[in-house]
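Counting from 1, the numbers follow the sequence of the chain as shown. All figures in this text were calculated on a predicted structure; none of them were measured in a lab.
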Amino acid sequence: MLAGMIPPVASSLGAEAPAGPASDHSVLRAVASREDWAAVRALRFGALARGGDVPACAVPAYGDEHDAMAGSITYLLLDRGRAIGSTRYIHSGAGSPLPAIETFRAELDPGLTAARAVEASLTVIDAPADRAAAMLRLFKVHMTACAALEAEWLLAAVRETEMGFYRRVFDMEILTGALRCPGLAMPRVLMGLAWRERAAALLRRLPMLAASGSDLRRFAALAAAAPPDEACRPPLRAAAGDACG
């Protein structure tokens, strides 16, 4: 069983928070510094380039305007100081449409487009890392956000080859057909977890994803803060357009 194979995720989601049982080496933190943003954008570029989404570039970094969107928080997962994963949280109450909703709106029920939702976007894992373990650690961010905001949906635009993983592990359902997201060459499928209906069963199966009181307090503090200055700098781009996947 996956739940028995993956060690528990640490509850703290703040800066320099241990991200797993190897707390001396593994850290999950919200990105604020220039160095962390550089690591995130390089990690994104590497993952997107390997998947054929972006061409080779003299400046191997990938970011978009949603990094600086109100209500957006990017996280970095490090192991022994090496960046191994990143994900970005955005919620639907931040004043701007979610990137995935904008891309897939024509295929979605109007009730879902108006629902309180959390989007997991630009989730990337370094090739040598344990993908399943890193994904669970990163998705603790989004599970905490859904609990804090009492979200109706958790959304993620994923590659067609990743659909089975998201369905099997996170109990997500397929919401749309495959479409190209702006800035990415390969198509994505929008998947979603009906949080209010299915979260309890998911968290019974994977209790390491459940948010503690301290998780919720730290998340609330991060969500209330303005985007860090570095996120507002014009991003280094590997391709024109923005991204939702």
Side-chain angles (χ1 to χ4, degrees), residues 2-33 35-37 39-40 67 69-94 116-123 125 129-130 132-156 169-171 193 195-228 230-231:
L2 184 66
M5 296 168 56
I6 306 294
V9 182
S11 62
S12 178
L13 297 174
E16 299 297 336
S23 57
D24 290 340
H25 306 296
S26 190
V27 171
L28 175 65
R29 65 188 181 213
V31 175
S33 71
E35 292 76 17
D36 278 358
W37 275 111
V40 164
D67 286 337
M69 177 177 167
S72 171
I73 307 172
T74 295
Y75 287 83
L76 178 65
L77 177 64
L78 301 104
D79 183 62
R80 294 175 175 85
R82 181 175 66 87
I84 64 168
S86 178
T87 194
R88 182 174 66 194
Y89 144 85
I90 308 176
H91 74 91
S92 59
R116 181 177 298 180
V118 166
E119 180 179 342
S121 68
L122 285 176
T123 301
I125 310 292
D130 182 330
M135 285 291 290
L136 283 179
R137 293 178 177 187
L138 292 170
F139 260 67
K140 175 68 176 287
V141 167
H142 306 298
M143 300 299 173
T144 298
C146 285
L149 299 171
E150 298 182 344
E152 297 172 69
W153 285 91
L154 172 60
L155 303 174
V169 177
F170 298 120
D171 202 20
L193 170 69
W195 176 260
R196 294 180 182 176
E197 300 170 14
R198 301 168 75 173
L202 173 62
L203 295 176
R204 281 195 299 270
R205 180 166 57 85
L206 294 174
M208 73 281 288
L209 295 178
S212 68
S214 60
D215 289 333
L216 296 174
R217 288 190 294 273
R218 289 186 179 92
F219 175 81
L222 286 168
E230 186 61 26

### Task
Applying side chain to side chain contact (heavy atoms under 4.5 Å, CB included), run through Ser86 and Leu138 and close with a yes or a no.
CA-CA 7 Å; Ser86 178; Leu138 292 170; 5.6 Å; no
### Message
Let's go through Leu28 and Val141 carefully: what are the C-alpha distance in whole Å and the side-chain angles of both, what is the deciding distance for side chain to side chain contact (heavy atoms under 4.5 Å, CB included) to 0.1 Å, and is it a yes or a no?
### Response
CA-CA 9 Å; Leu28 175 65; Val141 167; 4.1 Å; yes
### Task
Test side chain to side chain donor-acceptor pair (under 3.5 Å) on Ser121 and Arg88 and set out the steps.
CA-CA 5 Å; Ser121 68; Arg88 182 174 66 194; 3.0 Å; yes
### Message
Thr87 vs Thr74, test: side chain to side chain contact (heavy atoms under 4.5 Å, CB included). Steps then yes/no.
### Response
CA-CA 6 Å; Thr87 194; Thr74 295; over 6 Å; no
### Task
Take Phe170 and Leu209 through the side chain to side chain contact (heavy atoms under 4.5 Å, CB included) test and state the conclusion after the steps.
CA-CA 10 Å; Phe170 298 120; Leu209 295 178; 4.2 Å; yes
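Residues Asp36 and Arg29 are in side-chain contact: their nearest non-hydrogen atoms beyond the backbone lie under 4.5 Å apart. A 4.5 Å side-chain heavy-atom check between Leu193 and Leu202 finds at least one atom pair inside the cut-off.
The closest donor-acceptor contact from the side chain of Arg204 to the backbone of Ala199 lies at 3.5 Å or more, if one exists at all. A donor-acceptor pair is defined here as one N or O able to donate and one able to accept, closer than 3.5 Å; such a pair exists between the side chain of Glu152 and the backbone of Arg116.
The minimum heavy-atom distance between Ala39 and Leu76, with the atom names listed, is CB-CD2, 4.2 Å. For the pair Ala133 and Asp130, the tightest heavy-atom approach, listed with the atom from each and the gap, is N-OD1, 3.2 Å. Here the closest heavy-atom approach between residue Val31 and residue Tyr75 is recorded as CG2-C, 3.8 Å. For the pair Ala148 and Phe219, the tightest heavy-atom approach, listed with the atom from each and the gap, is CB-CD2, 3.6 Å. Contact between Ala151 and Val118 at its shortest, heavy atoms only, is CB-CG2, 4.2 Å. Considering every non-hydrogen atom in both Leu216 and Ala211, the closest pair reads CD2-CB, 3.9 Å.
The CD atom of Glu119 lies 9.5 Å from the CG atom of Leu154; values are rounded to the nearest 0.5 Å. Of the inter-residue distances, the one linking Asp67 atom CG with Ile90 atom CD1 reads 8.0 Å to the nearest 0.5 angstrom. Summarising the geometry, atom CZ belonging to Arg82 is positioned 9.5 Å from atom CG belonging to Leu77; distances are rounded to the nearest 0.5 Å. Note: Arg217 CZ to Thr144 OG1 = 12.5 Å, rounded to the nearest 0.5 Å. Asp171 CG to Arg205 CZ: the interatomic distance, rounded to the nearest 0.5 Å, is 6.0 Å. Going from atom CD1 of Ile125 over to atom CZ of Arg137 covers 10.5 Å, rounded to the nearest 0.5 Å.
The aromatic rings of His142 and Phe139 lie perpendicular to each other, with more than 60° between the two planes, well past the 30° mark.
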